[in-house]
Asker: 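Here you go, one structure.
Computed from a predicted structure; not experimentally measured. Chain letters run A, B, ... following the sequence lines, proteins first and then strands; every chain starts at 1. Both backbone and side-chain heavy atoms feed into the values below; hydrogens, waters and symmetry mates do not.
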Amino acid sequence: MAKSWEEINARIAAGEAVVVTAEEFAEIAAAEGVKGAAKRVDVVTTGTFGPMCSSGVMLNFGHSDPPIKMGRIWLNDVPAYGGLAAVDTYLGVTEPSETKGLEYGGAHVIEDLIRGKRVHLRATSYGTDCYPRTEIDTWVGLEDLNQAYFFNPRNAYQNYAVAVNSSDQPIYTYLGPLLPRFGNGTFCSAGALSPLLNDPTYRTIGVGTRAFVAGAPGYVAWQGTQHNPNQNRDEHGVPTGPAGTIAVIADLKQASPEFFSAATMTRYGVSSFVGIGIPIPVLDEDLAAQLALTDADLSATIFDYGVARRSRPALGQVTYAQLHGGAITVAGKRVPVGPISSLAKARAIAAELKRWVSERRWKLTEPYELLPQPGTQSTKPLEIRSEEAI
Amino acid sequence: MARRRLDLTFPPRQATKPITYHLVQDFHLVPNILRAQIQPGQQGRMLVEVTGKKEEIEAGVAFLEKEGLTVSAAASDIVLDEDRCVVCGLCTAVCKPGALTLGHERDTLAFEKDKCVYCEACVLACPRRAVTLTF
């Protein structure tokens, strides 16, 4: 029993589509079987809300009079990229403020903009015949900008690590503070609600897929950086460590502060929680079987972040159900664990998307191009070479 | 009877007197040590709640200061800014006494003040800077 994209979109257009969240779908499948769930449900919505460092925004300021070709640019003292056309910039979320350090960064500027605040724009230039101004100092808000859109090179990681610390010192990581001698552990995935864990072999999520990005409708633009479809997979074909990723694009002017939150990971740096959600069409029973997986079926690999090397020792696997239980066993020791990815927000995103699709505000888009599939590419390391050796 | 929460800082070369003994013996205070980290040759810190007569607490504090300890009023409360909190749960991962926990559905955050030892780990960990201490 297979359904086509066209059939599902026709049902959405007619207001007849059965749309449920990934958690609801698992319950239906448990009660009625995967076959029954696949027949009854048309669309399953997903969501995730975790810190995603590879995020940022493209901005166009418009031209001042006399005009300036901005070379060095700051927004609320946070440097933005000046290597584009005269008044274009890219502001990355992890860029720290030159005056407030890690407590305020690119992510905080973006959150301020979404919250409707004007931010302090300063720029300098060497001046040209056509752009004579060499300095500018002004205030801009989202409504003043011509274009403002997210371009996030890596979001919605398909699964992630469980971080612990075997060393004798507390360490401060992008996965939060890790206490010595396996004193705690952290993990970062929406598990059964996570978009790419629900479509583990990227059958429906690809280039051109419409995606919820920070509360705004957007698109999957490309494979994300470090997209690694060759990660180890379990018996369900689901990766057990960090695997697929997506690059997304979306209108910043339609974003919501409810689904984008600046973050500071203490003694690590600035980041941002980004809300990502994607509705997945229930095309057939194979896909339904994967959509029906629960946190008890999905596993993550425990890594020792006390070893500051590229390849950290793997210390076993645990299911998301175990992680949500609040404690796991590592090296024979009971280790309390906590999440970094907000399930409350992930559920809110899946519920919001369910409403949008049910209200016919969202049609599904078949990918124009599939993401690189399992077996096609792995993540390459960076080797340190001398000029003589190349 | 009065109760005060004291944040004690020990200098690297601590006085040799056993201070909790003297708080009990000389000032009739009931000390409840919430958190302590004291190592020879290093600055130490102890968070202690003392119960006793008001004037004896004051005399006890004067004794501690005379012994070379720095005494400050300990943080009195943990405040969670719910507008800033995104319920990520990271604070629960660093809360050793289990005062901050996620609810059964993992989408609500609960704070049990009685379990809190005011270690401030959550203040440091919170990516949203949503947890603060009031004095």
Asker: Locate the shortest heavy-atom distance separating Pro177(A) from Val94(B); write the atom from each residue and the value.
Answerer: O-CG1, 3.9 Å

Asker: Determine whether a donor-acceptor pair (N or O, by modelled atom type, separation under 3.5 Å) exists between the side chain of Asn184(A) and the backbone of Ala93(B).
Answerer: yes

Asker: Using a 6.0 Å cut-off, check whether atom CZ of Arg355(A) has over 12 heavy atoms from anything other than its own residue.
Answerer: yes

Asker: For chain B, which candidate among Thr264(A), Leu178(A), Leu175(A), Leu343(A) shows the most heavy-atom pairs at distances under 4.5 Å?
Answerer: Thr264(A)

Asker: Checking heavy atoms, do the side chain of Cys126(B), its backbone, both or neither come under 4.5 Å from chain A?
Answerer: backbone

Asker: Output the option from Ser271(A), Pro336(A), Ala262(A) having the highest count of non-hydrogen pairs under 4.5 Å with chain B.
Answerer: Ala262(A)

Asker: Quick check: closest heavy atoms across Arg106(B) and Pro339(A), and the distance to 0.1 Å?
Answerer: NH2-CD, 4.3 Å

Asker: Mind running side chain to side chain contact (heavy atoms under 4.5 Å, CB included) on Leu179(A) and Lys96(B) for me, showing each step along the way?
Answerer: CA-CA 10 Å; Leu179(A) 306 176; Lys96(B) 293 303 271 183; 3.5 Å; yes

Asker: Would you mind checking which part of Glu111(A) comes under 4.5 Å of any heavy atom in chain B, side chain (CB onward), backbone (N, CA, C, O), both or neither?
Answerer: side chain

Asker: Does atom CD of Glu55(B) have more than 12 heavy-atom neighbours from other groups under 6.0 Å away?
Answerer: yes

Asker: For chain B, which of Gly50(A), Ala263(A), Pro51(A), Gly185(A) has the most heavy-atom pairs under 4.5 Å?
Answerer: Ala263(A)

Asker: Go through Arg129(B) and Thr266(A) one step at a time and tell me if the side chain to side chain contact (heavy atoms under 4.5 Å, CB included) criterion holds.
Answerer: CA-CA 10 Å; Arg129(B) 301 299 188 240; Thr266(A) 298; 3.0 Å; yes

Asker: So for Glu258(A), is it side chain, backbone, both, or neither that comes closer than 4.5 Å to the heavy atoms of chain B?
Answerer: neither

Asker: Name the member of Asp107(B), Thr108(B), Leu109(B), Thr92(B) that forms the most heavy-atom pairs with chain A at distances under 4.5 Å.
Answerer: Asp107(B)

Asker: Can you tell if the side chain of Phe273(A) reaches within under 4.5 Å of the side chain of Pro127(B), non-hydrogen atoms only?
Answerer: yes

Asker: Around atom NZ of Lys333(A), are there more than 12 heavy atoms from other residues, nucleotides or ligands closer than 6.0 Å?
Answerer: yes

Asker: Closest approach of Leu90(B) and Gly176(A), non-hydrogen atoms and distance?
Answerer: CD2-CA, 4.0 Å

Asker: Mind listing the closest non-hydrogen atom pair of Val87(B) and Ala344(A) along with its distance?
Answerer: CB-CB, 4.2 Å

Asker: At a heavy-atom separation under 4.5 Å, does Ser341(A) approach chain B through its side chain, its backbone, both, or neither?
Answerer: backbone

Asker: Measure distances from Phe187(A) to the heavy atoms of chain B and classify the residue's part below 4.5 Å as side chain, backbone, both or neither.
Answerer: neither

Asker: Examine whether an atom of Tyr172(A) lies under 4.5 Å from a heavy atom of chain B, and if so say whether it belongs to the side chain, the backbone or both; otherwise answer neither.
Answerer: side chain

